[in-house]
Amino acid sequence: MLTAFLLTAFKLFLMTLLPRSFFSRSPDAVARELLGKVLVSCIRGQRLAGRIVEVEAYFGKDDPAAHSAAGKTARNAVLFGPPGHAYVYFIYGMHSCVNVSCEPEGQAGCVLIRALEPLSGLDTMARLRGLSPAKPKMLASGPGRLCQALAITRATHNGLDLTDPASDLQIQDDGFRPEKITATPRIGIRKAVENPHRFVIHGNTFVSKAP
DNA sequence: AAGCGGATCGTCT
DNA sequence: GACGATCCGCTTG
């Protein structure tokens with residue numbers, strides 16, 4: 001009991017918030033290095049957290065599949081702002097998906113977070129997902145699922161600064177480093193289908209789809 | 001195990 | 001007025 005408490009305290013102590021400079025780079029580089037980091041959502045004082053195990057890179061220039069391909073609009077404006085902010089969009093009439101803006105201000109690259117390995121707050125995640133009992137792989141394996149599990153919506157989270165210590169949505173580093181990363185084509189798009197800009201932690205069972 | 005279609009609505013043409 | 005960076009349940013094999 002005491003040991004568990006000390007381990008938890010030590011782990012929290014080791015947690016660091018990723019700085020804005022981390023995100024002010026190419027989406028490919030940010031995507032790869034986001035694997036293994038921890039996405040944290042604080043909802044009504046509770047900490048819902050999961051390790052990022054699957055991501056996709058989208059580019060501000062020369063990427064027909066990106067939401068920013070046709071230029072800046074009210075919907076995608078966050079992508080053209082400073083790096084390290086949440087771009088949350090609503091899709092198919094019922095799902096939310098969350099991205100992190102990358103590259104310097106004015107360039108619209110981003111990384112779509114596609115799957116988490118749940119770490120804390122699993123009971124609440126299951127309730128938010130409408131699942132009982134909680135099957136861990138059903139909680140946050142998929143971009144729509146993870147937003148539902150962490151209560152992320154466009155109305156509440158779009159534009160949040162993920163590098164702000166006071167933010168209710170953060171990305172933290174707990175020291176975990178993936179042993180091997182696999183690159184595959186991106187999922188669910190119809191343009192630029194071939195380019196391998198989807199990255200997963202090799203062998204992780206919480207990815208949304210087998211490689 | 002894999003494939004199909006319905007649900008559902010904000011955004012841009 | 002069409003479509004989409006999805007999910008789920010149902011069907012078939």
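The model shown is predicted, which means the values in this text are computed figures rather than measured ones.
The OH atom of A:Tyr89 sits 9 Å away from the P atom of C:dC7 (whole-angstrom rounding). Rounded to whole Å, atom C1' of C:dC7 lies 18 Å from atom NZ of A:Lys137. The nearest whole Å value for the distance from the CZ atom in A:Arg186 to the P atom in C:dT6 is 12 Å. Atoms CZ (A:Arg190) and P (C:dA2) sit 15 Å apart, rounded to a whole Å. Note: CZ (A:Arg129) to C1' (C:dT6) measures 11 Å, nearest angstrom. Taking atom CZ on A:Phe90 and atom C1' on C:dC3, their separation rounds to 14 Å, with Å as the unit. In this structure, A:Leu146 places its CG atom 8 Å from P of C:dC7, rounding to the nearest Å. Here B:dT11 presents its P atom at 11 Å from CG of A:Asn76, a figure rounded to the nearest Å.
Between C:dA5 and A:His67, a contact under 4.0 Å exists linking OP1 or OP2 to a side-chain N or O. A sub-4.0 Å separation between OP1 or OP2 of C:dT6 and a side-chain N or O of A:Arg114 is present. Taking 4.0 angstrom as the limit, A:Arg145 places a side-chain polar atom (N or O) nearer than this to OP1 or OP2 of C:dC8.
Taking every side-chain heavy atom of A:Cys110 into account, C:dA5 is the closest of C:dT6, B:dA7, C:dA5.
Each of A:Ile189 and A:Met138 has a nearest nucleotide on DNA chain C; the 5'-most of these lies closest to A:Ile189. Comparing A:Gln148 and A:Val98 along DNA chain C, the residue whose closest nucleotide (by nearest heavy atom) sits nearer the 5' end is A:Val98. Two residues, A:Met94 and A:Arg154, neighbour DNA chain B, and the one matched to the more 5' nucleotide by heavy-atom proximity is A:Met94.
Atom CG of A:Asp164 has more than 12 neighbouring heavy atoms from other residues, nucleotides or ligands inside a 6.0 Å radius.
Note on A:Gly144: only backbone sugar-phosphate atoms sit closer than 4.0 angstrom, heavy atoms only; bases stay farther off. Within the 4.0 angstrom heavy-atom criterion, only backbone atoms of the sugar-phosphate kind lie near A:Arg75; the bases stay farther away.
Remark: A:Arg20 is not positioned above the aromatic ring of A:Phe23, lacking an NZ or CZ atom under 6.0 angstrom from the ring centre and at most 45 degrees off the axis.
With both pairing distances under 3.5 Å, C:dA5 is matched to nothing as a Watson-Crick or G-U wobble pair. Nucleotide B:dT8 forms no Watson-Crick or G-U wobble pair with any nucleotide shown, as no partner meets the under 3.5 Å limit on both distances.
Within the 4.5 Å cutoff, side-chain heavy atoms of A:Leu112 are placed close to those of A:Tyr89. Side-chain atoms of A:Val88 and A:Val78, non-hydrogen and from C-beta on, never get closer than 4.5 Å to each other. Contact of the A:Pro83 side chain with the A:Cys102 side chain is not registered, since no non-hydrogen atoms from C-beta on lie closer than 4.5 Å.
Judged by ring centres under 5.5 Å apart and planes tilted less than 30 degrees, A:Tyr92 fails to stack against the six-membered base ring of C:dG4.
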